[in-house]
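Chain letters run A, B, ... following the sequence lines, proteins first and then strands; every chain starts at 1. Everything numeric here is computed off the predicted structure, so don't read it as measured data.
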Amino acid sequence: MSPRPRAIRGMHDILPSETPVWGHIEARLRALMEGYGYAEIRMPILEQTDLFKRSIGEVTDIVEKEMYSFQDRNGDGLTLRPEGTAGCVRACIEHGLLDRPQRLWYQGPMFRHERPQKGRYRQFHQFGVEAFGLPGPDIDLELILLSARLWRELGLQGLELQLNSLGRAEERAVYRERLVAYLQAHATDLDADSRRRLHSNPLRVLDSKNPALADILGGAPRLLDHLGGESRAHFDALCAGLDACGVSYRIEPRLVRGLDYYGLTVFEWVTDRLGAQGTVCAGGRYDGLVAQLGGRPTPAVGFALGLERLVALVREQGLEPPPAAPHLYLVAVGGAAQAQAPRIAESLRDRLPGLRLQVHCGGGGFKSQFKKADRSGAAHALILGEDELERGVAGLKPLRAEGEQIQVPLEDLPAWLRERILGR
RNA sequence: GUGGACGUAGCUCAGCUGGUAGAGCGCAGGAUUGUGGUUCCUGUGGUCGUGGGUUCGAUCCCCAUCGUCCACCCCA
């Protein structure tokens with residue numbers, strides 16, 4: 001047997017049995033964003049490799065070892081986007097959208113060459129929100145509020161909001177020195193990973209999951225204690241806003257970011273129900289990025305949400321929507337009935353927008369067609385056989401509820417269906 | 001990139017200390033030749049992930065490889 005083609009490792013087909021949950025979540029997201037006055041933007045999946053190096057940071061794991069980068073036929077260095085913010089900022093600068101505040105959202109596949117595991121895939125989908133030109137904590141608060149609303153609308157339980165402030169770059173630099181000094185004083189107790197990061201990315205040491213380091217890290221100097229007045233006020237205002245809106249949160253002084261462009265507010269929505277990949281949604285402020293990519297200095301804040309993880313949570317909590325089964329399954333037996341069926345079905349669709357009508361194809365007797373009707377999940381079977389054609393009627397049989405099969409004259413069918421099946 | 005577990009029918013799995021494979025579900029048909037869902041019957045199904053090795057003989061043992069899952073790491 002010749003080897004059958006397989007999907008690329010870490011890249012999954014989303015099958016018909018799964019698309020209803022996806023569609024449900026995507027519809028909620030779209031409605032949510034419309035409700036808050038955000039506009040959709042769509043960017044290419046490919047960008048110049050340099051864009052990601054300049055934004056995400058040269059020494060991050062993403063850029064160093066996880067990007068799908070290649071040269072195209074012109075020899076240009078291209079990369080399948082590993083996240084959405086960089087491309088969104090690029091698009092905004094390129095099209096001059098930043099002369100006024102912008103509230104944007106997008107959605108689509110992202111690519112990172114990581115070892116696949118639960119909640120982590122090489123092609124995955126992110127929903128992202130970015131707000132530009134708004135420097136204050138009010139917009140930070142809005143982003144958190146709208147994410148909290150999403151969990152409520154989906155019915156999700158068990159998500160915890162973690163919050164921190166990374167301060168301004170100067171404040172972070174001072175803190176960084178103190179942290180390094182502290183960690184070096186305890187270097188003998190650190191694990192190999194942490195010692196390596198001590199110089200490359202010391203803030204990330206705080207992220208370590210190694211329980212042996214808990215005491216050392218617990219005693220480390222705290223970033224929050226190194227904030228300047230303005231940074232502190234920004235953070236306090238955000239917290240006050242969350243309090244006022246009744247959103248509970250946990251201040252997590254060790255919450256940092258893997259991407260270089262973040263400052264001030266950072267937050268994560270975390271769950272313990274998805275195994276090791278517990279972050280469902282994460283974001284923060286990145287006031288420096290627009291200028292860093294060649295635009296005018298523009299404050300910015302955003303977050304990204306992992307759709308696979310959200311889908312997994314929705315399923316884990318049994319919140320999947322019921323599938324949209326047909327209202328009607330048209331059973332047509334015999335040559336004459338089969339020939340009439342498409343015309344009758346189209347005429348019903350013309351007169352009854354919103355009708356979900358599946359027409360049987362492929363012939364067969366009543367028995368097999370009814371079997372298909374049942375499998376389709378349809379509420380009723382609409383039946384056309386020789387008898388019905390002769391009498392100018394259609395049979396209508398309930399498949400999900402008690403009740404006898406009845407005959408309805410073809411000309412009365414639209415009105416009848418409108419009232420009894422569509423309920424209007 | 002590192003570690004562990006696991007690859008048998010479309011799906012979920014069984015298969016004893018090595019003797020070339022089974023079940024349930026699904027799918028198709030039938031039990032009333034104009035009626036599904038329950039029940040019963042019949043049928044459809046697999047080079048046991050792939051390639052080597054050991055053996056008279058390998059789904060089973062050994063090696064390699066690919067893949068899946070979980071964790072580390074990383075992150076959404």
| said: Over all strands shown, is A:Ala373 touching base, sugar-phosphate only, or nothing at heavy-atom distances under 4.0 angstrom? | reply: nothing
| query | With respect to the phosphate group of B:rC73, does any side-chain polar atom (N or O) of A:His113 fall under 4.0 Å of OP1 or OP2? | reply | no
| request: Please say whether the positively charged group of A:Lys371, taken as NZ for Lys or CZ for Arg, lies over the ring of A:Phe366, i.e. under 6.0 angstrom from the six-membered ring centre and within 45 degrees of the axis. | output: no
| message | What I want to check is whether the side chains of A:Ser231 and A:Glu171 have a donor and an acceptor closer together than 3.5 Å. | response | yes
| request: Counting Watson-Crick and G-U wobble pairs only, both distances under 3.5 Å, name the nucleotide matched with B:rC16, or none. | output: none
| query | With both distances kept under 3.5 Å, what pairs with B:rU2, Watson-Crick or G-U wobble? | reply | B:rA71
| query | Relative to each other, are the rings of A:Tyr182 and A:His186 parallel, tilted or perpendicular (30° and 60° limits)? | reply | tilted
| task | Would you tell me whether A:Asp243 and A:Tyr249 have side-chain atoms, one donor and one acceptor, within less than 3.5 Å of each other? | result | yes
| task | Round to a whole Å and report the spacing from CZ of A:Arg6 to C1' of B:rG67. | result | 5 Å
| remark: Among the nucleotides B:rC72, B:rG34, B:rC75, whichever has the atom closest to the side chain of A:Ile62 is B:rC75
| query | For RNA chain B, whose closest nucleotide is more 5', that of A:His12 or that of A:Glu308? | reply | A:His12
| task | From the options B:rG36, B:rC69, B:rG34, select the nucleotide whose nearest atom is closest to the side chain of A:Pro116. | result | B:rC69
| base_contact_polar (B:rG36 base, A:Asp374 side chain, donor-acceptor, <3.5 Å) | yes
| Quantified in whole Å, what is the C1' atom distance between nucleotide B:rG53 and nucleotide B:rA21? | 23 Å
| note | Among the nucleotides B:rG34, B:rG30, B:rA71, whichever has the atom closest to the side chain of A:Lys367 is B:rG30
| request: Would you classify A:Glu386 as touching base, sugar-phosphate or nothing, given that sugar-phosphate means primed atoms plus P, OP1 and OP2, and contacts are heavy atoms under 4.0 Å? | output: base
| query | Going by modelled atom types, is there a donor-acceptor pair between the base of B:rU68 and the side chain of A:Arg9 at under 3.5 Å? | reply | no
| query | Nearest-Å distance, CE (A:Met110) to P (B:rA76)? | reply | 11 Å
| task | Please state how far atom CG in A:Leu15 lies from atom P in B:rG26, giving the value in whole angstrom units. | result | 19 Å
| query | Take atom CZ in A:Arg195; do more than 12 heavy atoms of anything else shown fall under 6.0 Å from it? | reply | yes
| Once you round it to whole Å, what is the distance between P of B:rU68 and CD1 of A:Ile8? | 10 Å
| said: At 4.0 Å (heavy atoms only), tell me whether A:Glu268 reaches a base, stays on the sugar-phosphate, or touches nothing. | reply: nothing
| said: Quick check: closest heavy atoms across A:Tyr106 and A:Thr85, and the distance to 0.1 Å? | reply: OH-N, 3.3 Å
| query | Using the P atom in both, what is the distance from B:rU20 to B:rG26, to the nearest Å? | reply | 31 Å
| query | Ignoring hydrogens and geometry, is there a side-chain-to-backbone donor-acceptor pair from A:Gln358 to A:Ala378 under 3.5 Å? | reply | no
| request: For B:rU44 versus B:rU54, give the span between their C1' atoms, rounded off to a whole number of Å. | output: 38 Å
| field | Most 5' of A:Pro398 and A:Glu83 on RNA chain B, judged by nearest nucleotide | value | A:Pro398
| said: Expressed as a whole number of angstroms, how long is the span from A:Gln369:CD to B:rU35:P? | reply: 12 Å
| said: Can you check the distance between B:rC11 and B:rU50, where both ends of the measurement are the P atom (answer in whole Å)? | reply: 15 Å
| Base, sugar-phosphate, or nothing for A:Glu388, non-hydrogen atoms under 4.0 angstrom? | base
| Shortest non-hydrogen contact from A:Arg81 toward A:Met43 | NH1-O, 3.4 Å
| task | Just compare B:rG34, B:rU35, B:rA76 and give me whichever is closest to any side-chain atom of A:Asp387. | result | B:rG34
| message | What's A:Gly119 touching, base or sugar-phosphate or nothing? Going by heavy atoms closer than 4.0 Å. | response | base
| task | Provide, to the nearest angstrom, the distance between the CZ atom belonging to A:Arg400 and the C1' atom belonging to B:rU38. | result | 14 Å
| said: For the P atoms, the ones on B:rU39 and on B:rA71, what distance do you get once it is rounded to whole angstrom? | reply: 39 Å
| remark: If pairing means Watson-Crick or G-U wobble with both distances under 3.5 Å, then the partner of B:rA64 is B:rU50
| Any luck finding a side-chain donor-acceptor pair between A:Tyr121 and A:Glu114 under 3.5 Å? | no
| query | Checking all strands, does A:His380 fall into the base, sugar-phosphate, or nothing category for heavy-atom contacts under 4.0 angstrom? | reply | nothing
| Base-pairing assignment for B:rG37 (Watson-Crick or G-U wobble, both under 3.5 Å) | none
| task | Using a heavy-atom cut-off of under 4.0 Å over every strand shown, decide if A:Leu310 touches base, sugar-phosphate, or nothing. | result | nothing
| task | Give the rounded distance in Å between these two atoms: NZ of A:Lys371 and P of B:rA28. | result | 7 Å
| remark: Among B:rG1, B:rC70, B:rU35, the one nearest any side-chain atom of A:Ile383 is B:rU35
| said: I'd like the C1' distance from B:rA9 over to B:rU17, given in whole Å. | reply: 28 Å
| field | Spacing of the P atoms in B:rC25 and B:rC40 (rounded, Å) | value | 9 Å
| note | Of B:rG29, B:rG67, B:rA71, the nucleotide closest to the side chain of A:Ser368 is B:rG29
| query | A:Val333 near the nucleic acid: base, sugar-phosphate alone, or nothing, with a heavy-atom cut-off under 4.0 Å? | reply | nothing
| Base B:rG36 to side chain A:Gln405, donor-acceptor N/O within 3.5 Å cut-off | no
| said: Using whole Å, what does the distance between atom C1' of nucleotide B:rC73 and atom CZ of A:Arg120 come to? | reply: 7 Å
| request: Give A:Gly10 one of three labels, base, sugar-phosphate or nothing, depending on what nucleic acid heavy atoms sit under 4.0 Å from its own. | output: sugar-phosphate
| Hey, what do you get for CZ (A:Arg103) to CG (A:Leu134), rounding to the nearest 0.5 Å? | 6.0 Å
| query | For A:Arg112, which contact category applies under a 4.0 Å heavy-atom criterion: base, sugar-phosphate, or nothing? | reply | base
| field | Distance-only donor-acceptor test (3.5 Å): side chain A:Lys397, base B:rG36 | value | yes
| task | Give a yes/no answer on whether the side chain of A:Arg375 brings an N or O atom under 4.0 Å of OP1 or OP2 in B:rG26. | result | no
| task | Measure distances between side-chain N and O atoms of A:Arg204 and base N and O atoms of B:rC73, and say whether any donor-acceptor pair falls under 3.5 Å. | result | no
| task | Searching all strands shown, indicate the nucleotide that pairs with B:rU55 (Watson-Crick or G-U wobble; both distances under 3.5 Å). | result | none
| query | Hey, does the side chain of A:Gln117 come within less than 4.0 Å of B:rA71's phosphate (OP1/OP2), counting only N and O? | reply | yes
| said: Taking only the P atom of each, what is the distance from B:rU2 to B:rU8 in whole angstrom? | reply: 25 Å
| Does the side-chain ring of A:Phe366 lie flat on the base of B:rG34, meaning centres under 5.5 Å and planes less than 30 degrees apart? | yes
